[in-house]
Q: 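The structure's right below; bear with me while I get my questions together.
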Amino acid sequence: MQEKISLGQFSKLIAAIIIATVFLTLPRRLAITAQWDSPFSLLIGYGAAWFMGFIVIWISLKHPEDTFVGYSKKILGPYLGWLFGAMVFLVIMNLSVLTIRLAGITYIVAGYTKTSIIIFSGVTLFLAVWVLKEGIEVLGRVAEILYIPLVLSIILLALSVLNKVELDNLLPVLAFGPEPVLKGAVLAFSTGVEHVFLTGLLISMLQDLNKKVYAAHLYGVFIGSFMILLMVIFTIGVFSVDDVKRFYLPPYQLAKVVEIGSFINGVEVILLGVWTIASFLEVTIFLYISVMIISQLLNVSYRDILVPLAYLFLFMSLAPVDNHQVENEFSIVGQYGIMPLALLFVLIMVPGQLIYEKIRKNKHELEGDSNK
């Protein structure tokens, strides 16, 4: 029996992959690229990513029983479709490996330097494998539950530092013309568009597949984007663009300045515990996408290859030399891997789907004429 999830679980999974641990790292990367225009870049980039997801849903609804791997073979032919799926797997595999490494880096940056990074990464990956062994339905329920404290922690952090925001830190806006905005938008788009391949997998697994999926997708993208936007605005507003550029995890530094009632501090430790949810969900979702794609390309059960692939990814995650190499590889994979593939998906699948429909229509008409 095919595993199914609800529309609510679908939207939470979309929000989870967008928030992921990007809300911890993207403020710095945007500050370097777009400076004070970072919020505008984020809105443009994630708006474009939502539109890409909208197109993927439109195509997927025409093949409700297939994932994007399956209908790529129908539209492009078995060989080109397989090749496209293999290209997506290689890119997502790299993202999955980097997310496993980042799960460990988060704790190292927070000060737990005496513990080996493989311990933090390995435990997170073990939990991800355990959930995925139970199937997408369990992952959907887990995301639905863990999504709430993750979102609340980000909102509460923003509210806690509201009185420390200095509007001068957010200015000047558009002082250097449109170029920084566009460069930042490309960066934001390359991270936001990661969700389209998860969307292309999950559409065929929805219990009640109808046009309400568009609203569920919009909700997931909006919530995810809004959480990151809060962190971009508040990290720059409380510190400054120059400070945010220096911090490896700006929201963690933001949590350090929180004081409740002028005497309760150290909130960052509590929030770090909550934010392990983001690491866990990110590792689990990217591992799921990787395993599902390769299992469909090889026509095997994803449960049979889940553990070996997880071991491979864990050891591959040890390859980067330091945190900055991880950050650079994220940028490279995003801008030269995931973004071009997402654009290629739309550029070839939309006309391919129209041609596919026309061929099928002509075939039915010929069959109808021959039966008369």
Side-chain angles (χ1 to χ4, degrees), residues 1-20 22-23 46-72 88 92 128 131-155 191-229 277-278 280-293 296 302 342 345-346 349-350 353:
M1 183 179 177
Q2 189 179 22
E3 298 171 329
K4 294 290 183 180
I5 59 173
S6 67
L7 278 174
Q9 291 168 342
F10 169 75
S11 65
K12 304 304 187 300
L13 284 167
I14 295 299
I17 193 175
I18 289 177
I19 299 172
V22 171
F23 81 95
Y46 275 74
W50 162 79
F51 183 68
M52 295 287 284
F54 179 91
I55 294 174
V56 170
I57 293 173
W58 176 77
I59 299 173
S60 298
L61 285 176
K62 296 180 180 297
H63 305 272
E65 300 300 321
D66 293 317
T67 66
F68 78 88
V69 180
Y71 64 69
S72 294
V88 175
I92 297 295
V131 169
L132 291 180
K133 273 285 187 181
E134 300 300 316
I136 186 62
E137 292 175 277
V138 173
L139 175 57
R141 289 197 293 271
V142 168
E144 205 168 24
I145 295 169
L146 297 184
Y147 155 89
I148 297 172
L150 176 59
V151 168
L152 285 178
S153 70
I154 296 172
I155 294 174
T191 59
V193 82
E194 294 168 358
H195 85 279
V196 302
F197 295 106
L198 177 65
T199 302
L201 288 176
L202 294 182
I203 295 297
S204 64
M205 301 173 190
L206 288 172
Q207 293 170 353
D208 300 310
L209 187 55
N210 52 54
K211 291 189 176 180
K212 289 182 179 179
V213 69
Y214 288 111
H217 171 257
L218 176 60
Y219 172 83
V221 174
F222 173 78
I223 293 296
S225 303
F226 185 67
M227 294 302 107
I228 301 173
L229 181 64
I277 293 171
F280 166 67
L281 289 176
E282 184 176 36
V283 168
T284 307
I285 291 172
F286 277 109
L287 180 62
Y288 172 75
I289 299 173
S290 302
V291 173
M292 283 297 293
I293 292 174
Q296 292 184 19
Y302 78 88
F345 182 92
V346 172
M349 288 297 177
V350 171
Q353 174 61 34

Q: Does some side-chain heavy atom of V196 sit less than 4.5 Å from a side-chain heavy atom of F345?
A: no

Q: Which residues pass the side-chain contact (heavy atoms from CB on, under 4.5 Å) test with Q207, not counting sequence neighbours?
A: K4, S6

Q: Rounded to the nearest 0.5 Å, how far apart are OG1 of T199 and CG of L13?
A: 10.0 Å

Q: Side chains of K12 and Y147: closer than 4.5 Å at any heavy-atom pair?
A: yes

Q: Looking at every non-hydrogen atom in both residues, tell me the closest pair between L132 and L139 and how far apart they are.
A: CD2-CD2, 3.9 Å

Q: What closest approach, in Å, do E144 and G8 show between heavy atoms, and which atom pair accounts for it?
A: OE2-C, 4.3 Å

Q: Find the distance between OG1 (T67) and CG (L201) and round it off to the nearest 0.5 Å.
A: 5.5 Å

Q: What pair of heavy atoms forms the shortest contact from Y302 to G135, and how long is it?
A: OH-CA, 3.1 Å

Q: Write down the atom of A278, the atom of L150, and the distance for their closest heavy-atom approach.
A: CB-CD1, 4.0 Å

Q: Donor-acceptor pair, distance only, cut-off 3.5 Å: does the side chain of E3 make one with the backbone of I136?
A: yes

Q: Run the side chain to side chain donor-acceptor pair (under 3.5 Å) test against E194 and tell me which residues pass, sequence neighbours left out.
A: none

Q: Go through the structure and list residues passing side-chain contact (heavy atoms from CB on, under 4.5 Å) with S11, not counting sequence neighbours.
A: A216, Y219

Q: On a heavy-atom basis, which atom in S204 and which in E65 lie closest, and how many Å separate them?
A: CB-C, 4.0 Å

Q: Taking side-chain contact (heavy atoms from CB on, under 4.5 Å) as the test, write out the residues that go with D208, two or more places apart.
A: N210

Q: Pick one: which of V283, I277, T284 meets side chain to side chain contact (heavy atoms under 4.5 Å, CB included) with F280?
A: T284

Q: Can you see which heavy atom on S60 is nearest to which on Y71, and at what distance?
A: OG-OH, 2.9 Å

Q: Measure the spacing between CZ of F68 and CG of L198 and express it to the nearest 0.5 Å.
A: 10.0 Å

Q: Using 0.5 Å steps for rounding, measure from the CH2 atom of W58 to the CD atom of Q353.
A: 5.5 Å

Q: Side-chain contact test, heavy atoms from C-beta onward, threshold under 4.5 Å: evaluate it for I154 versus I19 and give yes or no.
A: yes

Q: I'd like to check the side-chain contact (heavy atoms from CB on, under 4.5 Å) partners of L209; sequence neighbours left out, ordered by chain and number.
A: L61, P64, I203, L206

Q: Counting only heavy atoms from other residues, nucleotides and ligands, does the tally under 6.0 Å from OH of Y214 exceed 12?
A: yes

Q: Quick one, M205 and M292 - any side-chain contact, counting heavy atoms below 4.5 Å?
A: yes

Q: Working to the nearest 0.5 angstrom, can you tell me the gap between I285 CD1 and I18 CD1?
A: 10.0 Å

Q: Listed by chain and number, what are the side chain to side chain donor-acceptor pair (under 3.5 Å) partners of K133, not counting sequence neighbours?
A: none

Q: Rounded to the nearest 0.5 Å, how far apart are CD1 of I57 and CG of L202?
A: 10.0 Å

Q: How far apart are the C-alpha atoms of M227 and I155, what are their side-chain angles, what is the distance that settles it, and do they pass the side-chain contact (heavy atoms from CB on, under 4.5 Å) test?
A: CA-CA 7 Å; M227 294 302 107; I155 294 174; 4.0 Å; yes

Q: Run the numbers on F54 and W50 for ring pair (Phe, Tyr, Trp, His ring centres under 6.0 Å), then give the verdict.
A: CA-CA 6 Å; F54 179 91; W50 162 79; 5.8 Å; yes

Q: Kindly indicate, with the supporting measurements, whether the criterion side-chain contact (heavy atoms from CB on, under 4.5 Å) is fulfilled by F197 and V88.
A: CA-CA 8 Å; F197 295 106; V88 175; 3.8 Å; yes

Q: Just wondering, do T191 and I228 contact through their side chains at under 4.5 Å, heavy atoms?
A: no

